[in-house]
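Because the structure is a prediction, the values reported are computed rather than measured.
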Amino acid sequence: MSLKQVGEREDVFARHYKYDEAEVIVADFGATEEEASVDILEDTAIVVFEDEDSRQLELELPKGEAEAFMTNGVLTITVNQ
């Protein structure tokens, strides 16, 4: 899934910022009581939401070294070039 596809959902605010040395991807999934975690595998970010029915979202990332974290429903991924 691409960031564009995530951003097209009405319940998610998503942006992709490009800087000289890094790209930053931000997606706001909204305040939620469910637990969420994010892992980076090569050029894919895997976001797992733990609730009654676990669900998973995979985001394609640009090339580079990526770091990700999720706080209060906001996913932030920084990809250093």
Side-chain angles (χ1 to χ4, degrees):
M1 178 174 283
S2 70
L3 184 64
K4 180 179 178 185
Q5 291 169 316
V6 170
E8 289 174 350
R9 293 177 40 184
E10 299 220 359
D11 60 334
V12 178
F13 173 82
R15 289 285 188 260
H16 184 179
Y17 302 97
K18 294 183 179 184
Y19 301 102
D20 291 338
E21 297 180 10
E23 294 186 40
V24 178
I25 298 165
V26 179
D28 186 349
F29 293 97
T32 179
E33 293 182 15
E34 60 193 25
E35 294 290 322
S37 63
V38 59
D39 288 313
I40 303 291
L41 295 173
E42 296 182 16
D43 62 349
T44 303
I46 301 171
V47 183
V48 178
F49 298 93
E50 297 291 336
D51 55 8
E52 295 171 357
D53 301 316
S54 289
R55 47 194 179 106
Q56 178 175 308
L57 170 70
E58 296 183 10
L59 291 170
E60 301 165 13
L61 299 176
K63 299 280 186 218
E65 185 178 325
E67 296 178 322
F69 63 91
M70 190 159 195
T71 304
N72 296 328
V74 177
L75 170 66
T76 304
I77 302 170
T78 302
V79 181
N80 295 312
Q81 313 250 325

For Val79 and Lys63, which heavy atoms make the closest approach, and how far apart are they? CG1-O, 3.6 Å
For Gln56, all residues meeting side chain to side chain donor-acceptor pair (under 3.5 Å), sequence neighbours excluded: Glu58
Taken to the nearest 0.5 Å, the spacing of Leu59 CG from Ile40 CD1 works out to 8.5 Å
Over all atoms of both residues, closest heavy-atom pair of Ile77 and Ala45: CD1-CB, 3.6 Å
Can you tell me how far apart CG (Leu61) and CD1 (Ile25) are? Round to the nearest 0.5 Å. 5.0 Å
Just to verify, what does Lys18 make a side-chain contact (heavy atoms from CB on, under 4.5 Å) with, not counting sequence neighbours? His16, Glu23
How long is the straight-line distance from CG of Asp28 back to OG1 of Thr76, given to the nearest 0.5 Å? 9.5 Å
Are Leu57 and Leu41 in one and the same hydrophobic cluster, where Ile, Leu, Val, Met, Phe, Trp and Tyr link if side-chain heavy atoms are under 4.5 Å apart? no
Hydrophobic cluster identity match, Val74 and Tyr17, side-chain contacts under 4.5 Å: yes
Rounded to the nearest 0.5 Å, what's the gap from CD on Glu65 to CD on Gln81? Could you check? 11.5 Å
Take a 6.0 Å sphere around CD of Glu67 and say whether it holds more than 12 heavy atoms from other residues, nucleotides or ligands. no
